[in-house]
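Report on one structure; see the data block that follows.
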Number of protein chains: 2
Amino acid sequence: MDLPPLTVAAHVMLGHFALRDWTPYELAREMRRNICFFFPRAQSQVYSEPPRLAARGLLVAREEVTGRRRRTVYSITPEGRAALAAWLAAPPAKGPELEAEPIARVMFGPFGCDDDLRQAVASVHASGRRLCETAHRICAEYQAGRAPFQTHIRHRALLHDFLTSFGILMEEWAVRSAARIDAWERENPGEQTEAARRLIAASTAPWRRADLPASAVAAARRGAEAGALSPSRRRRPPARGTRT
Amino acid sequence: MDLPPLTVAAHVMLGHFALRDWTPYELAREMRRNICFFFPRAQSQVYSEPPRLAARGLLVAREEVTGRRRRTVYSITPEGRAALAAWLAAPPAKGPELEAEPIARVMFGPFGCDDDLRQAVASVHASGRRLCETAHRICAEYQAGRAPFQTHIRHRALLHDFLTSFGILMEEWAVRSAARIDAWERENPGEQTEAARRLIAASTAPWRRADLPASAVAAARRGAEAGALSPSRRRRPPARGTRT
DNA sequence: ATATCAATAGTCCGATCCGGAGTAAATGGC
DNA sequence: GCCATTTACTCCGGATCGGACTATTGATAT
């Protein structure tokens, strides 16, 4: 019986069950204040995935009752923990990806008016603000020592760093861009083009290729070699993805 | 005939057809060097969407022949341009979203080994590097004045700023985090916790709420008011999304 | 005691979207 | 004249979305 491999989403759920037991409802709530910022899934998935994981023996379900209402609590099995560890040891299938509708609106800005653009920029600002505020709240929890998984603080700190950086990026980009759009009203086309050219040059400027420490490079190479052998070998080329 | 509203992906395609005519094949290639960084879609979508848009009268198709091979070129119609403008005037459905498998791996890092973590970090670094290199190439095209849509440089500059910032974020986060993981080998648990606590505080520190200029705030409010009235009214609450 | 509301705990389903495999003609280099 | 690459699609199963729907429980107000 050669079951299809688990999806990334399935492994992410499995990871949550490695932390503690959850009912799908609890897990959905938890994911709204965490994962949703870097790996969002629909609520319906949180209900449909655990039964599938249970069917493979990676989770076990138990029914509980409150009055006349039942709820299903899932726990991870040793096989589940093994599957999670195996996934973590394999190289990531893909890097971080953005899905940014407001940025697409900026791209097609020339077909709308400047207020449409300001609106898109404001929505990026709002997202950045939300993310920073959440991160700030979580930061306070860790400082006070009452965050849910204190023992994982080493790892959570890296996570927090990434998310906060991204939140700040969104807020600051929005502020810069809104100012730029306002400036268009005071500039003639030649000045606008010149300013745009300068902005393009300035964005790229701070990029001084920073390399990883040797340890990380070595780990990645080992992972890639191990990962390249286990799954069914590709046909001809190293198969660049089909995403456009 | 009340057709279901177009998806965001459909509008993004429509936007491309506002730029010029494309065959799906050409468009797929174009999207691989642009949109894929902030609004990735599968190649199959690039073939299936244009016929649907054509059925609504937003595009027109024409067949061309090269030898005995046919290709389908799509052009936008006036109705298509109107639909695009209407979409741009409506408030964005959602803010920028991340989908970052490697970051999820960091979250569940405690269930794997440190080399798994280094691998995940390296994949973020590689993504950042790819994005920065692409941005750098595009920057050179604009400075040389031979980029494809020079007339949109005002808008493209904002785009470029966002993407470059994100690329730099990924690279720098990866370098910081790899160094942190290496440091764990020289630290005892107490020191690790202390360093994690400091990192959490330090990430949040640079966040000094920056507000948008009044013009952007006003534009967003107008958009929200207009947008809240047009689509079919929601039942009870302002309907928070079903994403977890 | 009762109406009301928010939170709890799900189910269901159509439409969308992914991603990979497969086909086949045109082109360029040797 | 052959081969690899690029062009130009087509197809399909399975994953995913997201919104509507049901119904119970517990707290708050009347």
Side-chain angles (χ1 to χ4, degrees), chain A residues 3-13 22-32 36 39-53 61 63-74 93-94 97 99 101 231-244, chain B residues 3-13 22-32 36 39-53 61 63-74 93-94 97 99 101 231-244:
Chain A
L3 293 167
L6 292 175
T7 64
V8 178
H11 283 110
V12 167
M13 304 249 174
W22 308 88
T23 68
Y25 180 82
E26 287 171 331
L27 184 54
R29 182 150 44 61
E30 171 72 7
M31 286 172 82
R32 261 198 298 278
C36 73
F39 204 84
R41 294 294 117 173
Q43 174 251 30
S44 56
Q45 287 296 110
V46 186
Y47 281 92
S48 61
E49 203 60 60
R52 270 191 278 186
L53 292 170
E63 302 275 290
E64 289 185 357
V65 233
T66 321
R68 82 179 57 175
R69 198 207 305 192
R70 81 155 180 353
R71 42 183 250 148
T72 315
V73 186
Y74 292 90
K94 46 174 60 176
E97 286 188 1
E99 171 134 346
E101 186 195 323
S232 61
R233 288 290 272 272
R234 263 46 170 259
R235 286 294 161 93
R236 285 300 158 84
R240 52 258 199 286
T242 103
R243 275 303 194 83
T244 61
Chain B
L3 293 165
L6 292 174
T7 63
V8 178
H11 283 110
V12 167
M13 303 246 173
W22 308 86
T23 68
Y25 182 81
E26 287 171 332
L27 184 54
R29 182 150 45 59
E30 172 70 8
M31 287 173 81
R32 261 197 297 280
C36 72
F39 203 84
R41 293 294 118 172
Q43 173 252 28
S44 56
Q45 287 296 110
V46 187
Y47 282 93
S48 60
E49 204 59 59
R52 270 192 278 185
L53 293 171
E63 303 275 289
E64 288 184 358
V65 233
T66 320
R68 82 178 58 173
R69 199 198 349 223
R70 82 159 179 352
R71 40 184 250 147
T72 314
V73 185
Y74 291 90
K94 47 174 59 177
E97 285 188 0
E99 171 134 348
E101 186 193 322
S232 62
R233 289 292 274 273
R234 262 43 171 260
R235 287 292 163 93
R236 287 298 160 81
R240 51 257 200 288
T242 106
R243 276 303 195 82
T244 61

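Here is the naming used below: chain letters follow the sequence lines, and residue numbers restart at 1 for every chain.
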How close or far is atom C1' of D/dA8 from atom CD of B/Glu63, stated in whole angstroms?
12 Å
Please state how far atom CD in A/Glu26 lies from atom C1' in C/dA9, giving the value in whole angstrom units.
10 Å
Could you list, one pair per line, each protein nitrogen or oxygen that sits under 3.5 Å from a nitrogen or oxygen of nucleotides 23-25 of chain C, together with the distance?
from: C/dA25; atom 1: N3; to: B/Arg69; atom 2: NH1; distance (Å): 3.0

Close N or O pairs between protein and nucleotides 11-16 of chain C (under 3.5 Å):
from: C/dT11; atom 1: OP1; to: A/Arg70; atom 2: NH2; distance (Å): 3.3

Could you check how far OH of B/Tyr25 sits from P of C/dA26, rounded to whole Å?
15 Å
How would you label the contact of B/Pro40 with the nucleic acid (heavy atoms, under 4.0 Å): base, sugar-phosphate, or nothing?
sugar-phosphate
Using 4.0 Å as the upper bound for N to carboxylate O, is an ion pair formed by B/Glu64 and B/Arg71?
yes
Describe the nucleic acid contact of B/Ser48 in one word from base, sugar-phosphate, nothing, applying a heavy-atom distance below 4.0 Å.
nothing
CZ of A/Arg29 versus P of C/dA6: gap in Å, rounded?
17 Å
Counting only side-chain nitrogens and oxygens, does A/Lys94 get under 4.0 Å of the OP1 or OP2 atom of C/dG19?
yes
Spacing of A/Leu53 atom CG relative to D/dA15 atom P, expressed in whole Å:
12 Å
Could you tell me if the side chain of B/Arg69 sits less than 4.5 Å from the side chain of B/Val65, heavy atoms only?
no
What verdict does the side chain to side chain contact (heavy atoms under 4.5 Å, CB included) test give for B/Tyr25 and B/Val46, after you've listed the backbone C-alpha separation in whole Å, the side-chain angles of each residue and the deciding distance to 0.1 Å?
CA-CA 8 Å; B/Tyr25 182 81; B/Val46 187; over 6 Å; no
Could you report the tightest heavy-atom contact between B/Ser48 and B/Pro51, atom names first, then the distance?
O-CD, 3.5 Å
Please report the end-to-end axis angle for the helix from C/dT2-D/dA29 to C/dC30-D/dG1, five pairs per end, rounded to 10 degrees.
30°
Whole-Å distance separating the CZ atom of A/Arg32 from the C1' atom of C/dA9:
12 Å
Would you find a donor on one side and an acceptor on the other, under 3.5 Å apart, between the side chain of B/Glu49 and the backbone of B/Ala9?
no
Could you tell me the separation between the CZ atom of B/Arg41 and the P atom of D/dA15, rounded to a whole number of Å?
19 Å
When the distance from CD of A/Glu49 to P of D/dG14 is rounded to whole Å, what number comes out?
15 Å
Rounded distance (nearest 0.5 Å) linking atom CE of A/Met13 with atom CZ of A/Arg52:
9.0 Å
Rounding to 0.5 Å, atoms CD (B/Gln45) and OG1 (B/Thr7) come to a distance of 7.5 Å
Rounded at 0.5 Å granularity, tell me how far CD in A/Glu26 sits from OG1 in A/Thr23.
3.5 Å
What verdict does the side chain to side chain contact (heavy atoms under 4.5 Å, CB included) test give for B/Leu27 and B/Tyr74, after you've listed the backbone C-alpha separation in whole Å, the side-chain angles of each residue and the deciding distance to 0.1 Å?
CA-CA 10 Å; B/Leu27 184 54; B/Tyr74 291 90; over 6 Å; no
Any sub-3.5 Å donor-acceptor pair from A/Gln43's side-chain atoms to A/Ala28's backbone N or O?
no
With rounding to the nearest 0.5 angstrom, report the CZ to CD distance, B/Phe39 to B/Glu97.
10.0 Å
